Each structure stands twice: as C-alpha cells, then as structure tokens.
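Step one of this worksheet: look at the structure below.
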2 protein chains.
Amino acid sequence: MSQCDIRYHGRMARWQPDARGRLEAAALELFRERGFEETTVADIATRAGLDKRTFYRLFGDKREALFSGSGRLEEILVKAVAETDAAPFEAVVAAFRRVAEDLFADRLELVRMRHSIIASSPELQERELRKTGALAAAVTVALRANGLDESTAILATESGATVFRVAYARWIAPDSDATLADLIDEVAAELRTVTSAPRER
Amino acid sequence: MSQCDIRYHGRMARWQPDARGRLEAAALELFRERGFEETTVADIATRAGLDKRTFYRLFGDKREALFSGSGRLEEILVKAVAETDAAPFEAVVAAFRRVAEDLFADRLELVRMRHSIIASSPELQERELRKTGALAAAVTVALRANGLDESTAILATESGATVFRVAYARWIAPDSDATLADLIDEVAAELRTVTSAPRER
DNA sequence: GAGGGTGATGTCACCTTGCGACATGACCGT
DNA sequence: ACGGTCATGTCGCAAGGTGACATCACCCTC
C-alpha cells in the first residue's frame, strides 16, 4: 500500500507514481542518447515530468541516478558472507558468485550498456570506484563479525574483490560468452597461481 | 633558464614564479585550516596571489591541487616494473617497494596529513581511487610490455596493488612504526597465505 | 630600438550543480 | 471540516567550471 495506486483529480497532478524509477529511466535514456556530460539534471527531470529540485531530493547528485542497484548488491553480498563458514578468501569469492547468480545472470546486455556509459565519463568512473570501495568495506565488516581479525578480513576482502573485478571485466568484454559465476571461479584459481611463492629461478 | 629568475618591473607584477607550486601550497593550507568543502577555489587563488581562472588553467579541477605527486609516482612504478625480470606478482610488489623507498620514506607525517584531508571528503576519496586505478592501468601496460599476456598482467597488477593498499593503510595507522617497505613484504606474505588453496575441511 | 609574436595572466560573462527556504496542494487522521 | 504531513514546485543563490577577450612582460627579428 503506502503510495502505489493513489490518483490525483485536481487540475494539476502534483504527485507522480514511482518518481524515483521514472527519473532513473529518464537519466539512463538521456545518458545513452547524448552522453552524461551533455545532459543536465533539468533535462532528466523534464523528461520524467518532474522538477530539477525533485531530482535532488531523491538522488544525492546527478551520478546517483545510475547507481541505484548498489544497495541491493551490498545486501546480498553481506548476507552471503555472514551465512558461510568457509575460509575467508573462499567465503568472499563465494559471496561474489552468489551476487553473480542473483543479480547479474541474464543481464549481460544491460550491464554492458551501463558500463559503456560509465566508461565514457571520468566522473562516473570515480563514483563507481567509490561504490566498489564501500562494498568492500561492508564485506570486511561482515567478515569481522564472523570472528576474523582485521588484517585477514581486509586482505580476504581485497583479494576477493580483485577476483570479482577481473572476472567482471572479462564477462563484459565484447567477445566473452562465459557465465560470470564461472569466470569468478576461473579467476580465483588463476589468482592462487599468480601469487603462489615463486620457485627458485 | 626558461622562467626561474625573471623579474617584472612594471607597476603590476603579472607573472609570479612557480604559480603551480604556490597554488598547491595555498590549497593544502586552506584545506587544513577550514576543510576541503569549506574552501573555495577563489580562496586558494587569492591566498596564492592569483586569480581563480589561473587556478583552472593549471589544475583540471579543485581536487587536483592535492594530487600533483601522482605523475612522479607512476613514473617510478612503471620504470621499476620495466626494469625487472622477476615473476609478475613479485615484479609489481618490488616496484611498489621501490616507490615506498624513493617517495614515501621519511614522509609519514606529510602522508598522514594528506590522508586525513582526503578522508574527510568523499569527493577527494573518489579522486584518490581514480588515481590509484590509473596507476594500476599503467602498471598493467608495463607488464604487458615485458611480454606477459593480458590476464596475467591484470591479475598481478591487482594483486600487487592490493598488497600496497593494505600495507599503506597499516603504515599510516596511528600506532604503526614499521617501514612502508617492510609492511609491503609482510602483507605480500600474508596474501600468499590467504589465497592458498584451502585444505580439506 | 621599434614592431610583432608568444605565453601567462586577469576580467567578464555564462552555464551547471547543488542546496536552503518557502509556498502549494493532495492525502490522512480525527 | 480542520489541521498535519508529505511530495512537489518555485525562487534565489553560492560555488564549480569554461569560453572569449584584453593585457602585459618577455623575446626575437629586422
């Protein structure tokens, strides 16, 4: 209930259903049509039938319209870490695999599109990096709640995040056709090889 | 020669020696005194005896005044990677150790101060993340120039960068007194342990 | 040594971001 | 019917960031 099927009958409909979702959609469209820097917040609001000020009430800034999914991502990730009892690095990798299955499966094209927008703007790349960092911090907290010491938690988090980043990059590469979950396992195995102590040379 | 000891004699000295350096210093002072957000670019320029427009000719944006060192960092890092013939992960770690020795030794307090400013502003954190990312990209390129394939180069870079990030975090922690170079070795060893294949459980 | 080029700077005008303050109008309770 | 609440629109403004143009010292050349 709350605010789903409310109708206004006055001459001016002040209230619009799902303002947030409509602004996100409008932003995505405009970023694709003209690019991120070339579209103003006023443009986005107008296309959504709303005011610039309303946009800023729902989003912290212009970039946030592209990052609404990160809350859900963190939620899944933290829960998966909390529920496991595997070794730390394995736990993180498994959590990311879970994310891959729950959030990314069958969405390659959408993810590619979003990625191409982000890749086109330094500002958006910075925001993406920050979201990733916040995610890592949340994972570290979850690991520590499992009883791990800070050092190990941070290292396992960073290593797991590295695996995910690399697997993600391969997944969205133009010629890729593997599953993100499979790529994660693949990269995790490679990481073990790369970091294993070098033999005498 | 070029522009070092030029003097103006006209009634208004239009040209100021080392405008860039003076702007950086002014920015650092003001960020410390009032914080990043509370400082305007006009403030910085005024303290340096220059104009806002001049600031924007020398720096891409307000944050850049804090990141002038990253060029030198990348230079050292890439050179160190190019000159080694060690295994990829070891090469990257060694390169970061070189950076620790050449650029960070005996500068703990300066680095801590800079870090506390950055930590106080999300905008600055984003920029720092982007700088780190750009650094990683440069390292990957350098590794590939050594004949490595893309996958291995990326993984080694990311792993090495993880080691550096964690070591750096420990180094600037309030109670730390180890050398950054030593911490890098310490963390590299831990990473090998954390990612090593789990025994049967 | 006068004149023109060059390069760093100042000045001005402008757009956009992002936010505070206030008004409005629809919904909801009693 | 009345007041409260909440989402929204309107207005104004500080600050970030940029283009266009003027200015002035320096340098080179004739």
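Because the structure is predicted, anything quoted here is derived from the model rather than measured. Chain naming here is simple, since letters A, B, ... match the order of the sequence lines and numbering starts at 1 in each.
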Inset, instruction - Please work out if B:K52 contacts a base, only the sugar-phosphate, or nothing of the nucleic acid, heavy-atom cut-off 4.0 Å. - result: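 Contact class for B:K52: base.
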Legend entry - Upstream residue (5' side of DNA chain C) when A:R57 and A:V41 are each assigned their closest nucleotide: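 This one resolves to A:V41.
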Starting from [atom2] on [N], measure out to [atom1] on [X] and report it in whole angstrom.
X: A:K62; N: D:dA15; atom1: NZ; atom2: P; answer: 21 Å
X: A:L58; N: D:dC6; atom1: CG; atom2: C1'; answer: 12 Å
X: B:D51; N: D:dG17; atom1: CG; atom2: C1'; answer: 13 Å
X: A:F55; N: D:dG9; atom1: CZ; atom2: C1'; answer: 17 Å
X: A:D61; N: C:dC19; atom1: CG; atom2: C1'; answer: 13 Å
X: B:D18; N: C:dT9; atom1: CG; atom2: P; answer: 10 Å
X: A:Y56; N: D:dG12; atom1: OH; atom2: P; answer: 19 Å
X: B:R63; N: C:dT17; atom1: CZ; atom2: C1'; answer: 12 Å

No-hydrogen, no-angle side-chain donor-acceptor test under 3.5 Å, [X] and [Y]:
X: B:R170; Y: A:S151; value: yes
X: A:T46; Y: A:D43; value: no
X: A:T162; Y: B:T162; value: yes

Inset, instruction - Record whether the side chain of A:R53 comes under 3.5 Å of the base of C:dG20 through a donor-acceptor pair of N or O atoms. - result: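 Pair found.
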Inset, instruction - Please say whether more than 12 non-hydrogen atoms of neighbouring residues, nucleotides or ligands are located less than 6.0 Å from CZ in B:R98. - result: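 Atom CZ in B:R98 is not packed in, count stays at 12 or less.
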Legend entry - N/O (side chain, B:T54) to phosphate O (OP1/OP2, C:dG10) under 4.0 Å: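 For C:dG10, OP1/OP2 do have a side-chain N/O of B:T54 under 4.0 Å.
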